[in-house]
Amino acid sequence: MKRKAILLIVFALMLQVVVGCESNHANGQVQAKQHADFTFDVKPETFEVFVEKDGVKESASEPMPARKVANVQKGEQEITWSYPDDKLDVSLQKKEDHLQITLTSTGTESFSWPTVKGPSYMLPLGEGKWIPAADREWQSFFKEESLTFAESFSMRFFAVNKNKYALMYVVDNLFNSTVDFAVDPTISFTFSHEFPRINSDKTYGFRLYVTDNDPVSIAGVYKDYIKEKGELLTLAEKAKANPDVEKLYGAPHFYLWNKSFLTAEDVKWRALKTKLDANFIGWMEQFLQSSEDGKESIQQFREIQKQDYVADYQKRAIISGFNYALRSREFYNPKLFTNVDEKTKELIGKGIDKLTEAQLYDLNKQLLKSVLQDAVPPVEKWGNADSTDLLKDMKAAGITNAWIGLPDWTAAYMKPAFIQQANDTGYLIASYDSYHSIHKEENQDWNTAIFKDKSLYENATITKKNGEKKAGFLQRGRLLNPTLSLPSVKQRMDEIMSNDVAFNSWFIDVDAAGDFNDDYSPEHTTTEAQDMKAKLARMDYIRDEKKLVVGSETGNDFASRSIAFAHGIETPVIKWADPDMRKNKQSPYYVGGYWSPAGEIPERYKKQVPIKEEYQHVYIDPAYSLPLYKLVYNNSVITSHHWEWGSLKIKGEVGTRMLKELLYNVPPLYHVDRKMWDAEQELIMNYLKVWSPFHKKAVQQEMTDYRVLSEDRLVQKAVYGDDLQVIANFSQKDFTYENQVVKARAALIIDGKNKQTFLAPAQ
């Protein structure tokens, strides 16, 4: 008995130790495990830095070619020197918990340091990646690769895993830096910084931390750094300023494609032919000459008169013609539209050029209705299938919270009742917007690149160092200097929001993506730092003055205080330059074009395609993923996929991405219209019944722990707060963890004493 009692006591003490270790992460806070008691040494001639901890010495930077050194001054915890030939001063100073490294240009235009090398890396590429240095697929991916640091790294650090601990560099200067990779014989990379002549800040540097070899410790160090800088703002704090932020909790993200006034389903096609007289067809023929697809529309207006049927392709062409006309200020023809009501006459009397966009659309709908008469329903019902009816069905299916995104704000003018209904349903509804590219010629289908101030194109666009103007997206137009954009932002937002439009959210392209530019224009010289500040200012203006829940592309953490959600951290744009995906339409990997007929979802968003094996390895395979961003920002910024890579986009990976969305607490992102909703509703709703309540609870807490549970890294566990955890088994075999079986291709959610299993579909 005595021996048994002693064993019980020993067991209890062991259990207490285990629980204590477990709670180190699971006490509602990610724990930083940096080690203050390390020493350092450096060889100034080669700038090789050494760190020693518990008798284990590691190289923190690879040696450079030896160079001339001057002015060496060494103290007990500090060393400084100069490279006279390179015109650079260097300072290393041991602080309480890190080594501060500062490099200052005294004339050099650029400098490359450090080069780091180790068995593996933990990098905040998107959500986060674990990268083995000897992995062939990663080597192939990084061969001759150069990444812009501010754009490619979601947070301002990189970490190299050594044998006994990790070395973590936190970057002091976010701007004008690249990370250049080498892969022979294994992966290493070099951090390079430019000192632009237009920038008075001539320093860059790092905090070098020694920390444990795991992502929770790495994230904990960085989170402490962010808190020290006063840069962490939780969703709860954001919701105090705008309670609508809470509508993101448990909300899947949907892009709805309803850019058509009329759809083919709205039209009685047999009756339509009787309404299209020669005068109207002649006017449409004349009017559509300027439309990109006008010739096809004109041809089909005439062809259907000879037929006793209307083919689907003809319907699309005719609807496209109608929708072009309905958006135009040139549609009204007093000789043609004579049978109009008093409301229409009143709008005409105001002067077409003086009508707001909403009034113009009201006028044009009534004009077309006066011709088509009973071949189409009342204008209030046009486009209901893909808008108001779709919202009703989503709500009836059980979706209580949702974020709805529109491709632009014209839907609000085309059908204001749709926007109001989304708001009344309790959803967030946002327009896509952009202040990035500016075009000289107006294009109805690219209205974000059109600004009322026509002087901006010549007077407010970015000039490169060589004097050339920097081209806009897809090499169209130019890039607008954000420091000169705020008056246009205010003008656009005032106009949109003054039309009784019930938007309660807003999505701004690029602003949180880290795409910063120096502008060498003599009239408005601008640094990358000023570029970032201006982008934050315009997001903050829309958030604060218009009281909208703001999101942006990617969501790199410099913008974490300004945004509530982001699209692109979880799945970024995959290999933009691959011709098989972007240009070769015969390739099975071709992602599709941007154009869509008659307001349908463009192929680029709805077409399901496989992914090349190399990209699957790098972008999708959970074995190489780490929730670095979530460990810092889970309850601060809600992140999802880039809209080009929605949850259903990749053939054969739908189930894997569902499991990862649960593990990492990520909203699924879908592109839907009536046809897509009808086809995928069952799949979506079976998932959301599990995902939504989980996310609603998890997003209000920190991710407090993360572990890889299997040797193949395909079984992983994440903990939120004290007792909410999810174990995802991405493998094809059942896995037993703490006497619980986690089914193959499944996620086990443990919420206190409650357990739930989600089985991923075989897609």
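Scope of the values below: all heavy atoms of this structure, side chains included, with no hydrogens, waters or symmetry mates.
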Paired with Lys223, the salt bridge (charged side-chain N to carboxylate O under 4.0 Å, His left out) test is passed by just one of Glu228, Glu231, Glu702, namely Glu702
### Any donor-acceptor N or O pair under 3.5 Å, side chains Glu570, Ser640
no
Do Asn517 and Lys470 get their side chains close enough for a donor-acceptor pair, meaning under 3.5 Å?
yes
Side-chain donor-acceptor contact under 3.5 Å, Glu644 with Tyr594
yes
Check your understanding: Going by atom types only, do Lys469 and Thr463 share a side-chain donor-acceptor pair under 3.5 Å?
Key -> yes
Thr526-Asn481 side chain donor-acceptor pair, cut-off 3.5 Å = yes
Tightest non-hydrogen contact, residues Ser437 and Phe473, listed as OG-N, 2.8 Å
Suppose we call two aromatic rings close when their centres sit under 6.0 Å apart. Are Trp645 and Tyr605 close by that rule?
no
Polar side-chain atom of Gln700 near backbone of Lys696 as donor-acceptor pair, under 3.5 Å:
yes
**Prompt:** Between Tyr541 and Lys490, is there a cation-pi geometry (under 6.0 Å to ring centre, at most 45° from the normal)?
**Reply:** yes
- Between the side chains of Asp509 and Ser552, is a donor N or O closer than 3.5 angstrom to an acceptor N or O? no
- Query: Taking the inter-plane angle between the rings of Phe206 and Phe158 on a 0 to 90° scale, is it parallel (under 30°), tilted (30 to 60°) or perpendicular (over 60°)?
  - Reply: perpendicular
message = Whether the side chain of Ser647 engages the backbone of Leu669 through a donor-acceptor N/O pair (distance < 3.5 Å, no angle test) should be reported.
response = yes
